[in-house]
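Have a look at the structure below, then the notes.
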Amino acid sequence: MHDAVLTWYSTHARDLPWRSADRTPWGVLVSEIMLQQTPVARVEPVWRAWIERWPEPASLAADEPGEAIRAWGRLGYPRRALRLHAAAGAIVERHDGRVPSSYDALIALPGIGEYTAAAVASFAFGQRHTVLDTNVRRVLARVVDGRQYPPASTTAAERRAALDLLPEAAIAPTWSVAVMELGALVCTARSPRCEECPLRATCAWRHAGSPPHDGPPRRAQAWAGTDRQVRGRLMAVLREAEGPVPKARLDETWPDAVQRERALDGLVADGLVEPVEGHRYRLPVTTPQHAERAT
DNA sequence: AACACGTGGAC
DNA sequence: TGTCCAAGTGT
């Protein structure tokens, strides 16, 4: 199983900039944050511009958080940009400006959770960690469990299965990225290309006749009319503006005043937007002291 | 544990 | 055309 996947990866891996031979831990970290819930094709140009402008954590930390949000563009979930800016500040303060290599130090940074800490420790520092993203979880669900889709959230059983399969340290990172790539290119969610799969001979799901998902329905996220849509409208206006925006301009983005105010208040509470005197708003200029504090 | 959190491409 | 989904995290 390992040889089949590694051989497949050696000839099918995409040539992505954050995988290049001269990659840096900072470049890997930035890519991992950008790739959270966001397709590779949309990340690549933004990543290139970001790394050119902020080639190390200290350069990002020295800039305004609003500039990070602006440079984030339309990648979505702009709180990731704010957390990446905060992570850069923490790296400067706690780690002398160098991305830490330990899983524990990584997961302590804002915006970095179980997956991203394992990914950076593996792909930037060559360590042996189980890397469980949506691709790996789907591949294991099919190959090992014979199910079409993994559980809604990562389980202990999945971590155990991933650890059982994780090879020796020398090739563990390559194994992880290879399984991820297999999930992204072949063992896809919607229309898997099983004929091209290096694991087609051993896949439990395929052997079982590719049975459809049976558990509770996987609910898609609502979008139209949600606060998320309103927040997106507001952020788009603020990103594209040079400086502070009159509230009247924000009021044009959404007809329902109650929902609009709620969305704007939420953005301010999240530290993504800053009120300015004279009924104006702008992207944040200073790092928020207590944004997203537990309630 | 369930939910909020953006955006746009694919089918 | 509307649904589904993309290298998750924090609460």
Side-chain angles (χ1 to χ4, degrees), chain A residues 13-14 16-19 27-47 69 72-84 86-87 106-124 129-139 148-156 158 162 173 176-185 187-192 213 216-239 253 262-263 266-267 269-272 291-295:
Chain A
R14 289 169 292 181
L16 301 173
W18 46 86
R19 289 180 184 164
V28 172
L29 192 161
V30 171
S31 77
E32 292 300 343
I33 303 286
M34 288 185 173
L35 287 163
Q36 290 169 2
Q37 301 282 282
T38 308
V40 165
R42 287 177 30 215
V43 164
E44 194 164 344
V46 179
W47 182 90
I69 294 166
W72 198 254
R74 307 188 69 80
L75 285 184
Y77 292 148
R79 48 173 44 172
R80 291 182 294 163
L82 193 59
R83 289 179 180 145
L84 181 51
L106 286 164
I107 204 169
L109 296 172
I112 297 190
E114 176 181 347
Y115 160 75
T116 304
V120 173
S122 296
F123 306 145
H129 293 275
T130 52
V131 178
L132 275 174
D133 78 326
T134 190
N135 291 302
V136 175
R137 296 183 60 226
R138 186 175 55 250
V139 170
Q148 184 178 24
Y149 297 120
S153 55
T154 306
T155 63
E158 287 183 276
S176 296
V177 76
V179 177
M180 286 175 67
E181 195 78 336
L182 186 65
L185 299 181
C187 193
T188 56
R190 207 90 66 95
S191 303
H213 176 75
R218 298 146 45 85
R219 179 166 299 276
Q221 283 189 343
W223 168 250
T226 61
D227 286 6
R228 246 165 54 253
Q229 183 180 21
V230 185
R231 288 166 60 110
R233 294 253 183 111
L234 295 169
M235 289 303 295
V237 170
L238 291 161
R239 270 199 312 268
T253 60
R262 184 172 67 228
L267 290 170
D270 288 349
L272 287 164
E292 296 190 71
R293 170 169 287 283
T295 54

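Because the structure is a prediction, the values reported are computed rather than measured. To find a chain, count down the sequence lines: A is the first, B the second, and so on, and within it residues start at 1.
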Could you list the protein-to-nucleotides 1-4 of chain C atom pairs, N/O on both sides, closer than 3.5 Å?
from, atom 1, to, atom 2, distance (Å)
C:dC4, O2, A:R190, NH2, 2.8

Nucleotide N/O of nucleotides 3-5 of chain B paired with protein N/O under 3.5 Å:
from, atom 1, to, atom 2, distance (Å)
B:dC5, N3, A:Y77, OH, 3.4
B:dC5, N4, A:Q221, NE2, 2.2

Residues A:R137, A:T134; criterion side chain to side chain contact (heavy atoms under 4.5 Å, CB included); working and verdict: CA-CA 5 Å; A:R137 296 183 60 226; A:T134 190; 5.5 Å; no
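The side chain to side chain contact (heavy atoms under 4.5 Å, CB included) test applied to A:R42 returns A:T38, A:P39, A:L75, not counting sequence neighbours. Partners of A:R233 according to the salt bridge (Lys or Arg N to Asp or Glu O under 4.0 Å) rule, which considers only residues two or more places apart in sequence or in another chain, do not exist here. Judged as a salt bridge (Lys or Arg N to Asp or Glu O under 4.0 Å), and not counting sequence neighbours, the contacts of A:R19 are A:E181.
Rounded to whole Å, atom C1' of C:dA6 lies 14 Å from atom CD of A:E181.
A:I33 comes within 4.0 angstrom of no nucleic acid atom, judged by non-hydrogen atoms across all strands. Base engagement by A:W18 is indicated by at least one non-hydrogen atom pair under 4.0 Å involving a base atom. Residue A:A41 is out of contact with every strand shown, counting any heavy-atom pair closer than 4.0 Å. Residue-level contact check: A:T116 touches the backbone only, with heavy atoms under 4.0 Å from sugar-phosphate atoms and none from bases.
Checked by distance alone, A:R83 brings no side-chain donor or acceptor within 3.5 Å of a matching partner on the base of C:dT9.
Straight-line distance between the C1' atoms of B:dG6 and C:dA6: roughly 12 Å, to the nearest whole Å.
Residues A:A189 and A:A117 each lie close to DNA chain C; by heavy-atom proximity, the contact nearer the 5' end of the strand is made by A:A189. Residue order along DNA chain C, read from the 5' end via each residue's closest nucleotide, puts A:T188 first among A:G113 and A:T188. Heavy-atom nearest nucleotides on DNA chain B were determined for A:S191 and for A:W223, and the one closer to the 5' end corresponds to A:W223.
Listed by residue number, A:D133, A:T134, A:N135 are the residues of residues 130-137 of chain A with a heavy-atom contact under 4.0 Å to DNA chain C.
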